> 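There's a structure below that I have some questions on.
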Amino acid sequence: MHNDIQAIMFTKQEIDQMVYSLAHNINNDYAGEEVVAIIIMKGSLMFAADLIRALTMNVKIDFMQVSSYGAGTESTGTIKIKKDSDIDLNGKNILIIEDIVDSGRTLALLRPTLEKRGAKSVKIATLLSKPDRRVVDVPVEYIGAEIPDEFVVGYGLDYDEKYRQMDYIGILKPEVYN
Ligand code: IMP
Ligand code: MG
């Protein structure tokens, strides 16, 4: 285990099981349809790579990098799109792939942004969710696991761009970020 990690939250085997179970549900829901998977950079890199390989329908892949700012209420928040999708999303089934839903601000802004591009449907798959931290209500169709309010890293999740390469998810020691 990495020296900066306080405890392991999910082992590689537990992550594999979560991803497999999410893929099973997604495969059932979209049987016979085509999906455009929008991978939200950078944190969902590992999750998206594993999830998409377990999907059985036709999948197109694209990337977006976004952040929310102007904290406060839902209506005053703004989405900053650092990298946008190049695919024409009109009439498409969009599956947003996110690493973790925290306040919900990012997805609460991204979801309507993509809906306005004429998508047939927009759904969200996230590996992790912290329900206790939610500030803005946003529907999330596929959740790998709900976790308590702890800062976690690994399997794509970072602190200061580090720890993404770990194949497990661990709780970061608070002294690392305090
Ligand atoms: P929010 O839901 O708009 O607050 O933002 C969610 C984003 O915050 C995620 O996509 C992550 O990039 C980041 N984030 C939130 N909690 C954690 C965590 O525990 N570890 C690493 N990144 C996190
Ligand atoms: Mg991040």
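Along the sequence shown, residues are numbered consecutively beginning with 1. First listed ligand is number 1; within each ligand, the first listed atom is number 1. Note that the structure is a prediction, hence the values are computed from the model and not measured.
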> Any donor and acceptor pair, going by atom type alone, linking the side chain of Asn93 with main-chain N or O of Glu34 inside 3.5 Å?
yes
> In chain order, what residues pass the side-chain contact (heavy atoms from CB on, under 4.5 Å) check against Met18, with sequence neighbours excluded?
Phe10, Leu127, Leu128, Ala145
> Check if Arg133 has a non-hydrogen atom at a distance under 4.0 Å from any atom of ligand 1.
no
> Between the side chains of Glu141 and Arg111, is the shortest nitrogen-to-carboxylate-oxygen separation below 4.0 Å, so that they form an ion pair?
yes
> In residues 167-178, what donor-acceptor pairs under 3.5 Å come from side-chain atoms, sequence neighbours left out?
from, atom 1, to, atom 2, distance (Å)
Tyr168, OH, His2, N, 2.9
Lys173, NZ, Asn3, O, 2.6
Asn178, ND2, Pro174, O, 3.3

> Does Lys80 NZ have over 12 foreign heavy atoms under 6.0 Å away?
no
> What part of Asp158, side chain, backbone, both or neither, has a heavy atom within less than 4.0 angstrom of ligand 1?
backbone
> How far apart are the closest heavy atoms of Arg117 and Ile81, and which atoms are they?
NH2-CD1, 4.0 Å
> For Asp99 and Ile40, indicate whether the former's side chain and the latter's backbone hold a donor-acceptor pair under 3.5 Å.
no
> Under 4.0 Å from any heavy atom of Arg105, which atoms of ligand 1 are there?
2 (O), 3 (O)
> Should Val101 be counted as touching ligand 1, given the test is an N or O pair under 3.5 Å?
no
> Of all the atoms in ligand 1, which lie at a distance below 4.0 Å from a heavy atom belonging to Leu157?
21 (C), 22 (N)
> Applying a heavy-atom cut-off of 4.0 Å, say which part of Ile100 lies close to ligand 1: side chain, backbone, both or neither.
both
> Using a 4.0 Å heavy-atom cut-off, which part of Glu98 comes near ligand 1: side chain, backbone, both, or neither?
side chain
> Using a strict cut-off of 4.0 Å, indicate which atoms of ligand 1 neighbour a heavy atom of Thr106.
1 (P), 3 (O), 5 (O)
> For Lys130, take its heavy atoms, then give the atoms of ligand 1 lying under 4.0 Å from any of them.
16 (N), 17 (C), 18 (C), 19 (O)
> Using a 3.5 Å distance criterion without hydrogens, assess whether the side chain of Thr56 forms a donor-acceptor pair with backbone atoms of Asn27.
no
> Return yes when Gly43 approaches ligand 1 closer than 4.0 angstrom through a heavy atom, no otherwise.
no
> Val152 versus ligand 1: do any nitrogen or oxygen atoms come within less than 3.5 Å of each other?
yes
> Suppose I only count heavy atoms of Glu150 and a 4.0 Å limit; which atoms of ligand 1 are within that range?
19 (O)
> Please tell me whether Asp29 and Tyr142 have a donor and an acceptor in their side chains that are separated by less than 3.5 angstrom.
yes
> With heavy-atom distances below 4.0 Å as the criterion, list the atoms of ligand 1 near Asp99.
9 (C), 10 (O), 11 (C), 12 (O)
